[in-house]
Amino acid sequence: MTAFTVALVLVVVAAGLLRWRRPAWYWLAFGVTLAALRVLVRYRSVMDACGLTVPPARWRLSLARATNRPIPEPRPPRIRRLWPTRTGLVLRLKLRPGQDVFDIAAASDRLRHSFSMFGVTSREVRSGVVEVRMTGYDVLKRVQMPAETETRAMRVPVALREDGSVHYRDYRAIPHALTLGATESGKSVYQRNLVAGLAPLDVALVGIDCKQGVELFPLARRFSALADSPDTAAELLDALVARMADVYRLIRTQQRITVDVPDAEIAADIWDLPDELRPTPVVVLVDEVAELALYATKEEERRRDRIITALVRLAQLGRAAGIYLEICGQRFGSELGKGITMLRAQLTGRTAHRLNDETSANMAFGDIAPDAVLAAIQIPAELRGLAIAGDASGGWHRIRAPHTSLRQAVNLCNRYADRTPDLPELASFRPTTGTVTELVPSAKASPATA
């Protein structure tokens, strides 16, 4: 056996091991080159087979007949650029006259099989230009976030999309969001990634966790206010509504609408104010919204109406005051009572993990992306963390957050505890971070002590 044969066998074995154990490494080492060659060689025939070609122009047909030349072949979209990424290939196409971006989207599954790729998605960059993103392996099976992500104010990376791009939670673009998920669906991990992304930013975190605080209180050192019961939550939300009114009064006094001030400097929300006057933005995380909406007595019903009214006010008016809502729950339906659908209408961002019923999926996506409802209820139970994310534009993506343990989230919150702002309006709700007393269930009294 020659040295070349031995080297070839070692390379094949190494490629097989990488493809099995480290698909990302295999893609960067071998897959990207093979995939690029496959796309370039098969491109014309694949586009013709998928019906993505157009007949030649009439002048070309007339010229061919006049010169007795062969009839020109149908023309596929022109490749303007092809470049590799850490998860696949990106193909930018210039559409021919008569073609539409929906033609590419409808043929995405056929393109996936023809180019032997794991997934194909498309989006319109501008009129006549379509970007086709192809993934070479299942990026959601073992989520690995890129080392560098785009960071700016109130925009944090929280998950990875199925096309290999990063899914961001941008509060300036989508102020309020609804996150649903059944038990053991990965909703808590998604919430931890959200808190971990917000921890280094100059933002106040406010939490409402009616499970006696078991989800959010471990992260208390980074929270400016926390509530662990519906009664405390009602008082906390009233304090946030009062803060919102104070911020609006500040904006009104600083609008600078005199004739000698340019229009671009007129203030309409906190981001138009000077840095020294801008109030700290607040992100409110509600861990289980159903616990706030349920009631059994008349007194609890009055408390429930008070809570839902405050949430609706914050959702309708809170954006300009820098108050953003993250509503989470296992179940979200109209049976939670009046005001729930009004609240949902203000929650632009929608994320649904595995759900146990179609009604919750309809509440999440029925009004913005009906085709995402079926995708949400088909998430398998073994793929914890897999979710469907959509917004009011009607588009949706499959995403999966990287696994973040509670210990990792706690360590990160402790590291940035010095960034926790003190809000005077919420001072009475500031969580204590002292030693937790160990609670031991009392044993039954023995006959000797009875």
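- A donor-acceptor pair is defined here as one N or O able to donate and one able to accept, closer than 3.5 Å; no such pair exists between the side chain of Arg243 and the backbone of Leu426.
- Evaluation of the salt bridge (charged side-chain N to carboxylate O under 4.0 Å, His left out) test over residues 245-254, restricted to residues two or more places apart or in two chains, returns Asp246-Arg249.
- Taking CG from Leu343 and NE2 from His176, the interatomic distance works out to 9.5 Å, rounded to the nearest 0.5 Å.
- Arg344 CZ: more than 12 foreign heavy atoms inside a 6.0 Å radius.
- The number of heavy atoms from other shown groups lying within 6.0 Å of CD (Gln408) is above 12.
- By the neighbour-count criterion of 12 heavy atoms within 6.0 Å, atom CD of Glu382 is densely surrounded, having more than that number from other residues, nucleotides or ligands.
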### Message
Please evaluate residues Ile174 and Arg169 with respect to the criterion side-chain contact (heavy atoms from CB on, under 4.5 Å), reporting the C-alpha separation (whole Å), side-chain torsions for both, the decisive distance (0.1 Å), and the verdict.
### Response
CA-CA 8 Å; Ile174 302 177; Arg169 179 68 178 94; 3.8 Å; yes

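- Distance CG/Leu205 to OG1/Thr280: 11.0 Å, rounded to 0.5 Å.
- Panel note: side chain Arg81, backbone Arg92; no donor-acceptor pair is recorded below 3.5 Å.
- Comment: Arg304 does not engage Glu301 in a salt bridge, judged by the lack of any side-chain N to carboxylate O separation of less than 4.0 angstrom.
- Residues Asp305 and Arg302 are not paired through a salt bridge, judged by the lack of any N-O separation under 4.0 Å between the basic side chain and the carboxylate.
- The side-chain heavy atoms of Val129 and Leu95, taken from C-beta on, include no pair separated by under 4.5 Å.
- The shortest heavy-atom contact between Glu150 and Tyr168 is N-OH, 2.9 Å.
- By the 4.0 Å N-to-carboxylate-O rule, Glu131 lies close enough to Arg133 to be salt-bridged with it.
- Within the 3.5 Å criterion, the main-chain N or O of Arg96 finds a donor-acceptor partner in the side chain of Gln99.
- Taking all atoms of both residues into account, the shortest heavy-atom contact from Cys50 to Ser114 is SG-OG, 4.3 Å.
- In this structure, Pro175 and Ala173 approach most closely via the heavy-atom pair CD-O, 3.7 Å.
- A salt bridge links Arg152 with Asp170: the closest approach of a Lys/Arg side-chain nitrogen to an acidic carboxylate oxygen falls below 4.0 angstrom.
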### Task
Apply side-chain contact (heavy atoms from CB on, under 4.5 Å) to the pair Val158 and His167, showing each step before the final yes or no.
CA-CA 6 Å; Val158 292; His167 180 72; 3.7 Å; yes

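- Although no hydrogens or angles enter the test, the distance criterion places a donor-acceptor pair under 3.5 Å between the side chain of Glu300 and the main chain of Ala296.
- Ring-plane geometry between Trp27 and Tyr137 is classed as tilted, the angle between the planes lying from 30 to 60 degrees on a 0 to 90 degree scale.
- For the atom pair CD (Gln212) and CG (Asp228), the distance works out to 5.5 Å, reported to the nearest 0.5 Å.
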### Message
Checking Glu162 against Phe118 for the side-chain contact (heavy atoms from CB on, under 4.5 Å) test, could you report, in this order, the C-alpha distance in whole Å, the side-chain angles of both residues, the deciding distance, and whether it holds?
### Response
CA-CA 10 Å; Glu162 61 180 340; Phe118 184 83; over 6 Å; no

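- Rounded to the nearest 0.5 angstrom, Leu292 CG and Leu311 CG are separated by 6.5 Å.
- Within the 4.5 Å cutoff, no side-chain heavy atoms of Val139 are placed close to those of Arg400.
- Side-chain atoms of Arg278 come within 3.5 Å of backbone N or O of Ile270 as a donor-acceptor pair.
- The existence of a salt bridge linking Lys211 and Glu291 is excluded, since no basic side-chain nitrogen approaches an acidic carboxylate oxygen closer than 4.0 Å.
- Side-chain contact between Phe115 and Val120 is absent, with no heavy atoms from C-beta onward closer than 4.5 Å.
- Considering only heavy atoms from C-beta on, Val132 stays 4.5 Å or farther from Arg123 through its side chain.
- A 4.5 Å side-chain heavy-atom check between Asp202 and Arg419 finds at least one atom pair inside the cut-off.
- The side-chain contact (heavy atoms from CB on, under 4.5 Å) test with Ile388 singles out one residue from Ile379, Thr351, Ile399, and that residue is Ile379.
- Side-chain contact annotation: Thr404 with Asn193, donor-acceptor N/O pair under 3.5 Å present.
- Stacking of Arg350 on the aromatic ring of Phe365 is not recorded, the 6.0 Å distance cut-off and the 45° axial limit not both being met.
- With rounding to the nearest 0.5 Å, the separation of NE2 in His113 from OG in Ser108 is 10.0 Å.
- The closest side-chain heavy-atom distance from Arg112 to Thr135 is not below 4.5 Å.
- Using a 4.0 Å cut-off between a side-chain N of Lys or Arg and a carboxylate O of Asp or Glu, Arg398 and Asp163 do not qualify as a salt bridge.
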### Query
Going through the checks in order, is the salt bridge (Lys or Arg N to Asp or Glu O under 4.0 Å) test met by Asp238 and Arg306?
CA-CA 9 Å; Asp238 288 342; Arg306 175 183 166 193; 2.6 Å; yes

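- In this structure the side chain of Leu347 reaches within 4.5 angstrom of the side chain of Ile327, judged on heavy atoms.
- Side chains of Gln330 and Thr183: a donor on one and an acceptor on the other come within 3.5 Å.
- When every heavy atom of Arg354 is checked against every heavy atom of Asn356, the shortest pair comes out as NH1-OD1, 3.5 Å.
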### Task
Take Glu124 and Phe102 through the side-chain contact (heavy atoms from CB on, under 4.5 Å) test and state the conclusion after the steps.
CA-CA 9 Å; Glu124 185 177 14; Phe102 294 105; over 6 Å; no

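- Here the OG1-CG distance, from Thr179 to Leu194, works out to 7.5 Å after rounding to the nearest 0.5 Å.
- Counting heavy-atom neighbours within 6.0 Å of Arg313 CZ, excluding the residue itself, gives a total of 12 or less.
- Nearest approach of Leu52 to Asp103, heavy atoms of both residues: CD2-O, 3.6 Å.
- When the shell of 6.0 Å around CZ of Phe30 is examined, it contains more than 12 heavy atoms from other residues, nucleotides or ligands.
- Between the side chains of Arg331 and Ser360, at least one donor N or O sits under 3.5 Å from an acceptor N or O.
- The two residues Thr420 and Arg221 have their closest heavy-atom pair at OG1-O, 2.8 Å.
- Remark: side-chain polar atoms of Asp209 are paired, donor with acceptor, to backbone N or O of Glu215 under 3.5 angstrom.
- Looking at heavy atoms from C-beta onward, Val130 lies out of side-chain contact with Val125 at the 4.5 angstrom threshold.
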